[in-house]
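First up is the structure itself, then whatever we jot down about it.
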Amino acid sequence: MGESPDEAISTPPRRPSPLSQSHSPSLSRFANLRDTPQPQPVVSAPVSQFHSPSMSRSPFLGTPDRPMTMPASGARTPLGHNIRSRNLTPKFLTPLASPLRKALHLTKLDPHDAWLPITESRNGNAYYAAFHTLCSGIGIQALILPVAFIILGWIWGTISLVLVFIWQLYTLYLLVNLHESVETGVRYSRYMQLANAAFGGWLGNALAKFQIMYLSAGTCVTLIIVGGSTSKLFFEIVCGDSPCKAEKLTLTEWYLLFTCGAILLSQLPNLNSIAGISLIGAITAVGYCTTIWVVSVAKGRLSYVSYDTIKASSDVAKVFNTFNALGIVSFAFRGHNLILEIQATMPSSEKHPSQVPMWRGVKASYILIAMCLFPLAIGGFWAYGNLIPSNGMLAAFLMFHATDVSKSIRGLVSLLVIINSLTSFQIYGMPMFDEMESIYVLRSKRPCPWWLRVIMRSLFGFINFFMAVAFPFLGAVAGLVGGVALPITMAYPCFMWLKIKKPQVYSYKWWLNWGLGVLGMGLSLMVVIGGLYTIISAGIKLKFFKPQLA
């Protein structure tokens with residue numbers, strides 16, 4: 001109570017607790033490692049970390065009265081020499097600012113973050129956040145939205161789309177605000193770190209790890225299927241009746257060609273370095289979504305179109321079909337597993353926390369997402385009705401307008417889909433790149449060499465290629481995929497908010513988050529069951545190692 005502001009600031013820090021050291025840069029690995037106590041040298045930081053994501057000015061820099069020590073694991077620092085630094089606390093710090101500085105604990109950073117792809121560069125901004133969010137939030141999954149209207153109909157399809165959009169935007173807001181913990185001084189740079197902090201190591205892994213890996217790797221497999229198939233269609237449109245050699249390639253060879261392009265782009269070192277790639281992906285996604293629905297509406301609805309919902313054979317089948325349709329709607333709003341990673345690329349300070357520019361970028365991107373998804377779903381169903389194939393709007397556009405739309409427009413749409421698939425592969429693959437490199441970093445206590453990075457990322461790409469060839473029907477189970485990924489988007493953020501923020505019991509926020517969390521988990525279970533029931537009842541051509549056009 002009686003200490004002066006200067007005394008409060010210069011108080012030596014406490015030794016980092018084991019809890020603060022458990023937030024590994026990997027998804028969950030080595031959370032319980034314990035080494036024998038050793039003398040703790042002062043940690044220095046590379047120049048790239050001076051503007052770090054910490055809520056303090058320079059969290060890696062030690063000062064004479066506030067040395068920063070290594071974690072108990074004995075991890076080495078990015079540089080082998082120490083940096084002498086001055087005390088960065090302003091002399092004019094006011095008495096009002098002192099308790100604020102004490103309340104905002106210094107952010108505890110894992111030194112390994114300076115060596116991993118997601119947190120290697122910390123100079124992101126609101127524009128980069130908008131590019132990444134738009135690239136990951138809109139894409140091939142949007143083209144399947146009108147399929148849900150076949151089951152739900154006009155009214156319930158529109159209502160479901162609006163409600164799910166608001167719901168996932170709210171949980172996105174929760175994640176952005178959970179990224180920095182004022183109470184513990186920890187910055188959760190990965191979704192799994194936040195899950196482990198909220199639920200504990202074992203439960204966090206059990207609940208979220210499979211979904212996170214499934215979304216990242218599964219999406220990359222789907223992108224290879226869609227990108228490879230669309231590449232074949234593109235050259236068929238461009239070549240026409242000419243003796244084009246590209247038409248002689250098999251679909252598997254097109255998959256391989258697309259995979260090689262994706263692997264080449266994936267050699268960019270970190271998440272910030274692919275901001276330009278994400279910008280291209282965002283532009284192409286908006287481009288082909290807008291072109292498809294504008295041309296479809298401009299050409300008018302088909303003369304034999306029908307808007308009657310699909311008649312189920314029984315009431316049970318009707319219920320499960322409805323949940324499968326809700327899974328398709330939920331699948332269109334994936335991408336929450338990347339939000340914390342995107343925010344981790346931004347610098348942060350007491351006066352300028354990262355959540356401010358991050359939320360600004362998210363709002364801008366989701367305005368564009370809404371401007372694409374809603375017209376695409378509603379306009380697509382208006383134009384094609386129940387005739388929309390299960391593959392979605394791209395297949396319907398190329399099928400029903402093969403003669404009345406010019407070759408240049410059809411070719412442009414196909415080319416935009418290919419480019420968007422290539423660019424989306426990068427951002428969805430980045431969590432897996434980060435996870436693979438973290439294994440090496442945590443074991444060797446040094447950055448991953450460039451040649452090993454090339455090998456690991458190439459191996460990841462070719463494994464996905466093998467999965468795309470072996471299981472080419474993955475694109476037809478969008479409802480099931482949506483159900484598996486739904487808790488990541490709709491439920492877990494609510495529970496994590498309750499666990500970390502601890503709102504007053506029975507308050508408005510308490511009831512809201514509990515209600516949405518429980519509803520999300522129940523909906524996820526029903527969507528998974530509905531997706532499985534639809535696959536079993538309707539049947540699906542399980543042609544292993546026989547790629548088909550998506």
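From a predicted model like this one, the values you see are computed outputs, not experimental measurements.
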Is it true that atom [atom1] of [X] has more than 12 heavy atoms of other residues, nucleotides or ligands lying nearer than 6.0 Å?
| X | atom1 | result |
| --- | --- | --- |
| Lys501 | NZ | yes |
| Tyr173 | OH | no |
| Tyr128 | OH | no |

Are the side chains of [Y] and [X] in contact, using a 4.5 Å heavy-atom criterion?
| X | Y | result |
| --- | --- | --- |
| Ile166 | Tyr170 | no |
| Tyr508 | Pro503 | no |
| Phe323 | Ile529 | no |

List for me each residue that meets side-chain contact (heavy atoms from CB on, under 4.5 Å) alongside [X], sequence neighbours excluded, and say none if there are none.
| X | answer |
| --- | --- |
| Trp202 | none |
| Ile500 | Leu178, Leu194, Ala198 |
| Trp511 | Tyr506 |

Counting N and O atoms only, with roles assigned by atom type, does the side chain of Ser365 sit under 3.5 Å from a partner on the main chain of Ala130, one being a donor and the other an acceptor?
no
Heavy-atom donor-acceptor pair, Ser524 side chain to Gly520 backbone, under 3.5 Å
no
Assess whether ring-ring contact (aromatic ring centres under 6.0 Å, His included) is satisfied between Phe165 and Phe374, documenting all intermediate values.
CA-CA 10 Å; Phe165 180 82; Phe374 283 90; 5.6 Å; yes
Lys NZ or Arg CZ of Arg334 over Tyr428 ring: under 6.0 Å, within 45°
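Yes, Arg334 and Tyr428 form such a contact.
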Over 60° means perpendicular and under 30° means parallel, so tell me whether Phe149 and Trp154 are parallel, tilted or perpendicular.
perpendicular
Looking at residues at least two apart in the chain, or sitting in another chain, which of them share a side-chain hydrogen bond (donor to acceptor under 3.5 Å, both in side chains) with [X]?
| X | result |
| --- | --- |
| Tyr492 | Gln211 |
| Asn125 | none |
| Ser231 | none |

In terms of side-chain heavy atoms, does Arg122 have a donor or acceptor partner in Thr345 at a distance below 3.5 Å?
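Checked: Arg122/Thr345 side chains show no N/O donor-acceptor pair below 3.5 Å.
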What I want to check is whether the side chains of Ser354 and Gln343 have a donor and an acceptor closer together than 3.5 Å.
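There is such a pair (donor and acceptor under 3.5 Å, judged by atom type) between the side chains of Ser354 and Gln343.
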